[in-house]
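Reading through the structure tokens given below for one structure.
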2 protein chains.
Amino acid sequence: MKSETSKRIERLLRSVGLRRTGPREAILGVLMRAGKPLTQEEIAAKLGAAIPNKVTIYRTLESFCKASLVHKAFMQKRAWHFELADRCTESQCHPHFTCKKCGVISCLVGLPVSIIKGVKKGFVIHRQRVQLEGLCPRCVGKKGR
Amino acid sequence: MKSETSKRIERLLRSVGLRRTGPREAILGVLMRAGKPLTQEEIAAKLGAAIPNKVTIYRTLESFCKASLVHKAFMQKRAWHFELADRCTESQCHPHFTCKKCGVISCLVGLPVSIIKGVKKGFVIHRQRVQLEGLCPRCVGKKGR
DNA sequence: CGCTAAATGCAACTAAGTTGCAAAAAAATT
DNA sequence: AATTTTTTTGCAACTTAGTTGCATTTAGCG
Ligand SMILES: [Zn+2]
Ligand SMILES: [Zn+2]
Ligand SMILES: [Zn+2]
Ligand SMILES: [Zn+2]
């Protein structure tokens, strides 16, 4: 019998008209369980057995982005971080925090983020992204570089 | 007799304790004249005659960043865009807009941007970056992809 | 001028992602 | 169920942006 998650994955793929395949189900599953942005490499690592080719991972993520299931949340160290789009609204992604010292990434969901006002007339804003950097609680105390 | 700009460049380099060299003066000049974020390739193109080696450009930009003269404003198409830091405050860079259709980049200076509130206790925010994407006035009218 | 630390140039390298194409697997048809 | 069609996958080769190591040159200083 199928797990609740795998049924949800099935439905999701159906709903956007993408064929059900091993790699797609596995990658969606990883992103659901992670609940935070992951790079291709991190996704591959979490796929455990039967890792698809990295090209397949990239193409899968790209198709998810086209279908608005996934967002490229941000780039860090020249690598895209992908996450499920289910905690973003149409016009705004939730903000992300990165710790300068330990590199930990946090999704800042559920806090009020005002869309910027006063942009010159004529511009149409589709999406706003906010990135924060600083120190996470674990690193605030530590001293040194 | 020296131009006002070149005297300003001289002073800037002095003030942060960096030696005056051809590449440094030229690159600072390019960034001043541009008034918007540029990639190393764009900088090289604007340097005209006597383009320094690209490694030198990267190292120069890196030293400017360390000295807080320049910011890595954002990454686009896997390439950093560098700009003078003189229109950012300590804790916040001015937001940037990118047109999805034509790719034009605009600095949104002088508009009120509120730093995000409600981040969980313990986090220390050093810098906030806001990115907007949408359509610029010139592209709003156009139809098609 | 001559010294020394810092800056530059060059070639080789790295990391992340992309492209072209043939083989495999879904879905649609018969 | 077998066949056909369409989509997806894997592999190897490639691209792009940036980095590293090291030898050479140059700025700043006495
Ligand atoms: Zn941390
Ligand atoms: Zn997130
Ligand atoms: Zn800035
Ligand atoms: Zn700017």
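The chains referred to below are lettered A, B, ... by the order of the sequence lines, with proteins before strands, and numbering in each begins at 1.
Between B/Phe82 atom CZ and D/dA17 atom P the separation is 12 Å, expressed in whole Å. In this entry the distance linking CZ of B/Arg19 with P of D/dT26 reads 13 Å, nearest Å. The CD atom of B/Glu41 sits 9 Å away from the P atom of D/dT16 (whole-angstrom rounding).
Contacts between residues 44-65 of chain B and DNA chain D, counted as heavy-atom distances below 4.0 Å, involve B/Lys54, B/Val55, B/Tyr58, B/Arg59. Residues from residues 21-36 of chain A placing a heavy atom under 4.0 Å of any atom in DNA chain D, listed by number, are A/Thr21, A/Pro23, A/Arg24.
Taking a heavy-atom distance under 4.0 Å as the criterion, the stretch of DNA chain C touched by chain B extends 5' to 3' from C/dA5 to C/dG17.
Within the 3.5 Å criterion, the main-chain N or O of B/Gly35 finds a donor-acceptor partner in the side chain of B/Arg87. In this structure a side-chain-to-backbone donor-acceptor pair under 3.5 Å is missing from A/Arg20 to A/Arg14. When atom types are taken as modelled, the side chain of B/Gln128 and the backbone of B/Ile116 share a donor-acceptor pair closer than 3.5 angstrom.
Using cut-offs of 30° and 60° for the angle between ring planes, the B/Phe97 and A/Phe123 rings count as perpendicular.
Side-chain polar atoms of A/His96 and A/Gln76 form no donor-acceptor pair below 3.5 angstrom.
The pair A/Lys72-A/Glu62 counts as a salt bridge, with a side-chain nitrogen and a carboxylate oxygen less than 4.0 angstrom apart. The existence of a salt bridge linking A/Arg24 and A/Glu10 is excluded, since no basic side-chain nitrogen approaches an acidic carboxylate oxygen closer than 4.0 Å. Between B/Arg11 and B/Glu4 a salt bridge is recorded (basic side-chain N to carboxylate O distance below 4.0 Å).
With a 6.0 Å radius and a threshold of 12 heavy atoms from other residues, nucleotides or ligands, A/Lys100 has its NZ atom above the threshold.
Residue A/His94 forms a side chain to side chain contact (heavy atoms under 4.5 Å, CB included) with just one option from A/Val113, A/Val130, A/Val109, A/Leu111, and that option is A/Val109.
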